[in-house]
Amino acid sequence: MSMNKSDLVNVIAEKSGVTKGKAEDMLKATIDAITEELAAGGSLTLIGFGTFKVQNRAARNGRNPRTNEVINIPAKTVVKFSPGKSLEDRVDEAGKSKGKTAKKK
């Protein structure tokens, strides 16, 4: 089971008692605010949910698996998400109740 943007808009509308149009506007405004903060190099912490932050990934060498040729992978700025304890606990509990457990590597 997975959720897409349309599904999320429906849930927001239902839980907040607003129209789907208003819920879509609220979601867009939220995504825009998060994007602007991260694009400016900042971070966003939602206590209990998690933290979005920007990190720089250094340039490195990789290997093309088809040709075994060494390739240069350029430096890149990426977004990282670290889940909060409440979110981790809720997901873990839901997984246990469904009989699913994560496999350790």
Side-chain angles (χ1 to χ4, degrees):
M1 186 170 131
S2 66
M3 181 182 283
N4 62 28
K5 182 180 175 182
S6 177
D7 297 332
L8 182 56
V9 166
N10 291 337
V11 171
I12 292 169
E14 183 180 307
K15 289 191 177 225
S16 65
V18 298
T19 65
K20 288 181 185 178
K22 183 67 175 170
E24 187 168 5
D25 291 343
M26 292 165 48
L27 178 59
K28 183 180 180 331
T30 301
I31 291 171
D32 287 347
I34 293 169
T35 302
E36 288 170 13
E37 181 62 25
L38 296 173
S43 66
L44 173 73
T45 300
L46 300 170
I47 304 291
F49 182 73
T51 300
F52 295 90
K53 58 187 167 190
V54 176
Q55 289 184 341
N56 293 315
R57 186 182 299 159
R60 62 194 189 280
N61 288 326
R63 201 167 285 279
N64 182 330
R66 289 187 189 172
T67 64
N68 211 25
E69 174 188 0
V70 174
I71 57 173
N72 179 40
I73 301 170
K76 186 175 182 178
T77 302
V78 295
V79 175
K80 298 287 185 174
F81 176 75
S82 301
K85 179 145 177 47
S86 296
L87 177 60
E88 284 184 333
D89 291 347
R90 178 90 184 259
V91 170
D92 184 46
E93 193 58 39
K96 287 178 182 175
S97 69
K98 291 180 182 177
K100 298 178 182 177
T101 56
K103 293 182 180 179
K104 298 262 182 180
K105 289 186 178 181

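- Looking only at side-chain heavy atoms (C-beta outward), E88 and D92 stay at 4.5 Å or farther from each other.
- Distance check, rounded to the nearest 0.5 Å: OG of S82 to CG of L87 gives 11.0 Å.
- V79 and L27 fall into different hydrophobic clusters, where Ile, Leu, Val, Met, Phe, Trp and Tyr residues are linked whenever their side-chain heavy atoms come under 4.5 Å apart, directly or through other members.
- Rounded to the nearest 0.5 angstrom, M26 CE and T19 OG1 are separated by 9.5 Å.
- By the side-chain hydrogen bond (donor to acceptor under 3.5 Å, both in side chains) test, K5 pairs with no residue at all, sequence neighbours left out.
- Here the NZ-CD1 distance, from K28 to I31, works out to 8.5 Å after rounding to the nearest 0.5 Å.
- Here the NZ atom belonging to K53 is positioned 14.5 Å from the CD atom belonging to E37, to the nearest 0.5 angstrom.
- Taking every heavy atom of both residues into account, P74 and N72 meet most closely at CD-O, 3.6 Å.
- Nearest approach of R63 to I71, heavy atoms of both residues: N-CG1, 4.2 Å.
- Rounding to the nearest 0.5 Å places CG of L8 at 9.5 Å from OG1 of T30.
- Between S86 and G48, the closest heavy-atom pair is CB-O, 3.3 Å.
- Atom CD1 in I12 sits 12.0 Å away from atom NZ in K22 (nearest 0.5 Å).
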Next on the checklist: I'd like to know whether T51 forms a side chain to side chain contact (heavy atoms under 4.5 Å, CB included) with L44, so could you lay out the CA-CA distance, the side-chain angles of the two residues, the decisive distance to 0.1 Å, and finally the verdict.
Outcome noted: CA-CA 6 Å; T51 300; L44 173 73; over 6 Å; no

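- Between N61 and I73, the closest heavy-atom pair is C-CD1, 4.5 Å.
- Residues F81 and F49 approach most closely at CZ-O, 3.7 Å, considering heavy atoms.
- Nearest heavy-atom pair, R57 versus V78, reported as atom, atom and distance to 0.1 Å: NH2-CG1, 3.6 Å.
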